[in-house]
Amino acid sequence: MKLRTWPRRLAPAGPRRHSEPGRRALPELAPPDRAMLFRLVSLLLQYPDPELIAAREELGEAVRRLPESAARESLTRFVEWFRTTEPMALARAYVETFDLRRKSSLYLTYYLHGDTRRRGMALLTLKQRYRVAGLTPPDGELPDFLPVVCEFAALSGPATGEAPLRQHRKGLELIRTALHDGGSPYAWVLDALCAELPGLSEAERAAVADLALAGPPAEEVGQAPFGPPLNALEVRP
């Protein structure tokens, strides 16, 4: 599984209908377009290096080819910002958003397990899930990195591929909330992703609010809530 693989062109299929509280009903993406969406989210949540910057117009065109949906609306807003912002400003925004803000880390198992031994087992289980599906995570990257998880969802389909996203739905909501609270355009990418996943129950929303206040589990006395992920993130130049 190559993390920076540009998505193949996929033929659109007939959409299904669904609705979400607080927004008008729009079509849910059908499987081929759903795979394209997850690939786009995977790409847009990666560091904006020269290769990704060079693909900005192609990314925008891929978003425009998606059928009408809440996810496409959100991605359209993001790619307009992404297309018109200077590369240095994009790089700075990414580092400040994901590398320097603990509550918007893109490493999903951290929100569920913190820096505990359970997190190590969760990472191993996720890596084994990829291998059973015949995929290999990129070298030098943890298997719970959200772009990797989204690429797996695109390649393996709703039943198998999207299972890790559903399992970490509360973590995704924490990231989305933190991005909105920080005024980050990347919140639109999380909006697009969450629009295609099951919504949260009232109990789950309460659990998300509690976790936002208390932080994830910790085994070290005095560890601050939302401390660094298991692997120390390297701040990019």
Side-chain angles (χ1 to χ4, degrees), residues 1-3 5 7 10 15-16 18 20 26-46 63 66 69-75 78 98 103-114 118-119 121-138 141-180 186-201 203-205 207-208 211-212 216 229-230:
M1 177 165 54
K2 294 176 65 178
L3 189 56
T5 299
L10 298 171
R16 300 181 302 241
H18 81 139
E20 295 185 11
L26 288 171
E28 184 183 72
L29 296 179
D33 298 308
R34 195 174 179 86
M36 177 67 83
L37 170 72
F38 287 126
R39 288 193 176 107
L40 285 166
V41 170
S42 175
L43 286 163
L44 295 172
L45 288 178
Q46 294 178 48
V63 170
L66 291 172
S69 67
R72 190 186 75 171
E73 287 186 353
S74 295
L75 287 186
F78 177 80
F98 298 119
K103 291 190 177 183
S104 53
S105 165
L106 292 178
Y107 293 86
L108 293 180
T109 61
Y110 180 67
Y111 297 95
L112 189 59
H113 301 295
R118 290 192 303 275
R119 186 183 178 204
M121 290 302 300
L123 291 169
L124 179 60
T125 299
L126 189 54
K127 184 175 290 188
Q128 289 173 339
R129 184 191 292 267
Y130 295 160
R131 287 175 175 167
V132 167
L135 305 171
T136 303
E141 191 54 84
L142 289 178
D144 66 338
F145 186 47
L146 183 51
V148 176
V149 180
C150 288
E151 181 70 4
F152 177 62
L155 292 171
S156 297
T160 299
E162 294 179 31
L165 291 171
R166 294 192 297 270
Q167 179 185 4
H168 294 282
R169 182 64 180 83
K170 288 185 284 188
L172 292 172
E173 193 65 24
L174 280 168
I175 299 170
R176 190 172 79 94
T177 299
L179 293 174
H180 276 290
Y186 281 98
W188 295 322
V189 184
L190 267 293
D191 286 345
L193 176 60
C194 291
E196 292 299 317
L197 296 174
L200 295 174
S201 67
E204 288 172 326
R205 290 191 180 279
V208 168
L211 185 56
L230 190 65

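- Residue L179 holds its CG atom at 9.0 Å from CG of D191, rounded to the nearest 0.5 Å.
- For residues 125-138, no pair satisfies salt bridge (charged side-chain N to carboxylate O under 4.0 Å, His left out), with sequence neighbours left out.
- Of all the heavy atoms in A154 and A35, the pair that sits closest is CB-O, 3.4 Å.
- Smallest separation of non-hydrogen atoms from A178 and S104: CB-CB, 4.3 Å.
- Shortest non-hydrogen contact noted between V189 and L75 is CA-CD2, 4.2 Å.
- Proximity of L146 to V41: side-chain heavy atoms (C-beta onward) are nowhere separated by under 4.5 Å.
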Steps toward side chain to side chain contact (heavy atoms under 4.5 Å, CB included) verdict (Y130, V149): CA-CA 9 Å; Y130 295 160; V149 180; 3.5 Å; yes
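- Distance OG/S69 to CG/L37: 7.0 Å, rounded to 0.5 Å.
- The line from CH2 of W188 to NE2 of H180 is 9.5 Å long, rounded to the nearest 0.5 Å.
- R118 CZ to T125 OG1: the interatomic distance, rounded to the nearest 0.5 Å, is 13.0 Å.
- The minimum heavy-atom distance linking G161 with F152 is given by the pair O-CD2, 3.5 Å.
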Derivation of the side chain to side chain contact (heavy atoms under 4.5 Å, CB included) call for V148 and L126: CA-CA 11 Å; V148 176; L126 189 54; over 6 Å; no
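- A tilted orientation is assigned to the rings of Y186 and F78, their planes being inclined by 30° to 60°.
- Nearest heavy-atom pair, L165 versus A153, reported as atom, atom and distance to 0.1 Å: CD1-CB, 3.8 Å.
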Derivation and outcome, side chain to side chain contact (heavy atoms under 4.5 Å, CB included), residues L45 and L190: CA-CA 9 Å; L45 288 178; L190 267 293; 4.1 Å; yes
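- With values rounded to the nearest 0.5 angstrom, L193 atom CG is found 11.5 Å from L40 atom CG.
- Salt bridge status for R119 with D144: present, with a side-chain N to carboxylate O gap under 4.0 Å.
- Between the side chain of Y111 and the backbone N or O of L174 there is no donor-acceptor pair closer than 3.5 Å.
- If you take CG on L108 and CD1 on I175, they are separated by 5.5 Å, rounding to the nearest 0.5 Å.
- Across every non-hydrogen atom of A195 and A71, the tightest pair is CB-N, 4.2 Å.
- Legend: side chain to side chain donor-acceptor pair (under 3.5 Å) pairs involving residues 157-170, not counting sequence neighbours, sorted by first then second residue: R34-E162, R169-E173.
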